[in-house]
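In what follows, a single structure is set out as structure tokens and then discussed.
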Amino acid sequence: MKKQVKPMLLLIGASFIIFTGCKKDDHPVSSCDHPGIGYNDKMQGNATSKFNADVPLAWYKLAITLTSNTPNQDLGPVSSRNYGYMGLALYESVVPGMPAHQSIQSQLNSLPALPKVKCGEKYYYPVCANASLANMVRRLFGNTSPAQNFSIDSLENVFNTLFKAAVPTHVFDRSEDFGKTISNEIYQWSKSDGGDLAYLNPFPTTYTPPVGPGLWIPLTGQMASLPYWGNNRTFIKDIAVSTQPPPPPPYSIDPSSTYYKEELEVYNESINQDPEHTTIANYWAALTPPSVSISILSSVLTIKSSNLAVLLKHIAKLV
């Protein structure tokens with residue numbers, strides 16, 4: 001599960017959400033599992049790319065806010081996991097409208113087969129995306145406050161109000177059901193990865209840290225954070241083994257050793273901090289690294305006015 005990056009505040013309201021793809025004359029697109037059977041290639045090619053990225057951008061903004069303000073959701077591994085499953089659910093709920101792309105279900109570690117769109121039926125992919133992300137955020141952020149739950153409900157309803165005015169009821173219902181079904185299946189898969197509900201007990205008292213030269217020594221009252229996380233199932237089988245960086249310099253108390261010199265450099269920086277370095281450190285510490293990644297990506301895509309298909313391609317790379 002790769003990591004992601006940084007934030008913006010969420011403004012919930014119709015005045016903020018300008019969904020350029022949501023117009024009365026935008027016809028939903030017919031999808032089919034088998035190219036060339038029962039759908040118009042030209043329409044299918046425009047299925048996802050004709051919509052802007054407002055839906056996922058708004059949901060990721062909210063997720064960044066929830067990450068920063070919900071107990072233990074700001075732990076790096078927890079937020080990385082959340083963004084990974086959000087990205088996967090989003091991609092799989094919209095990829096039927098991207099004819100040059102396909103589901104990545106078969107490439108993932110023990111993910112069962114996912115539901116398919118019905119051949120010849122019409123889907124409105126922004127509705128699929130909204131339903132999928134709303135469902136995943138509710139489930140992944142299971143310890144939110146009543147006020148935060150209201151924010152989740154409000155964002156979902158703002159988009160749904162726009163969509164219901166843009167597409168026939170039966171198309172809306174079909175699209176919403178597909179998005180929810182996809183996210184339900186992916187969430188069920190996520191529950192068996194070893195990290196489910198980790199935010200409820202990130203500092204388990206059952207863990208006894210190893211003892212020895214160069215190993216972590218907890219201060220009074222300190223507990224190891226997510227010490228069993230390395231045993232979790234990864235998105236891609238054996239990816240953790242095949243992508244390990246080179247080992248760090250071996251522990252040493254010899255002043256001439258690489259390890260000692262690098263640690264001394266960190267120590268000297270800590271007691272003689274350059275003001276500019278402090279400012280930079282505070283900037284990057286304001287959010288979890290995954291939130292920073294998502295925020296930067298969101299900013300770039302917003303500036304470039306990227307469409308939903310472009311965003312999905314980048315999200316798939318971050319999963």
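Note that this is a predicted model, so its numbers are computed, not measured. Numbers here are sequence positions counted from 1.
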**Asked** Only one of Leu90, Ile152, Asp54 forms a side-chain contact (heavy atoms from CB on, under 4.5 Å) with Trp59, so which one is it?
**Response** Ile152
**Fill in**
Sorted by chain and residue number, the ring pair (Phe, Tyr, Trp, His ring centres under 6.0 Å) partners of Tyr260 (sequence neighbours excluded) come out as none
**Message:** If you count heavy atoms of other groups shown closer than 6.0 angstrom to CD of Gln102, is the number above 12?
**Reply:** no
**Prompt:** Counting only heavy atoms not in Glu265, do more than 12 sit closer than 6.0 Å to its CD atom?
**Reply:** no
**Request:** Check whether the ring centres of Phe163 and Phe172 lie less than 6.0 Å apart, and answer yes or no.
**Result:** no
Side chain to side chain, [X] and [Y], heavy atoms closer than 4.5 Å:
| X | Y | result |
| --- | --- | --- |
| Arg139 | Asn135 | yes |
| Thr169 | Lys164 | no |
| Asp74 | Ser79 | no |
| Val95 | Gln105 | no |

**Request:** Check whether any side-chain N or O of Ser93 sits under 3.5 Å from a backbone N or O of Gly179 as a donor-acceptor pair, and report yes or no.
**Result:** no
**Message:** Over 60° means perpendicular and under 30° means parallel, so tell me whether Tyr83 and Tyr60 are parallel, tilted or perpendicular.
**Reply:** tilted
**Message:** Parallel, tilted or perpendicular, judged at 30° and 60°: which one describes the rings of Trp189 and Tyr85?
**Reply:** perpendicular
Scan side-chain atoms only and decide if [X] and [Y] contain a donor-acceptor pair under the 3.5 Å cut-off.
| X | Y | value |
| --- | --- | --- |
| Asn149 | Thr144 | yes |
| Arg233 | Ser192 | yes |
| Asp254 | Ser252 | no |

**Message:** Please tell me whether Tyr228 and Leu75 are part of a single hydrophobic cluster in this structure, the criterion being side-chain heavy atoms less than 4.5 Å apart.
**Reply:** no
**Joint cluster assignment, Phe203 & Tyr207, ILVMFWY side-chain distance < 4.5 Å** = no
**Message:** Gln73 and side-chain hydrogen bond (donor to acceptor under 3.5 Å, both in side chains): which single residue from Thr67, Thr288, Asn143 fits?
**Reply:** Asn143
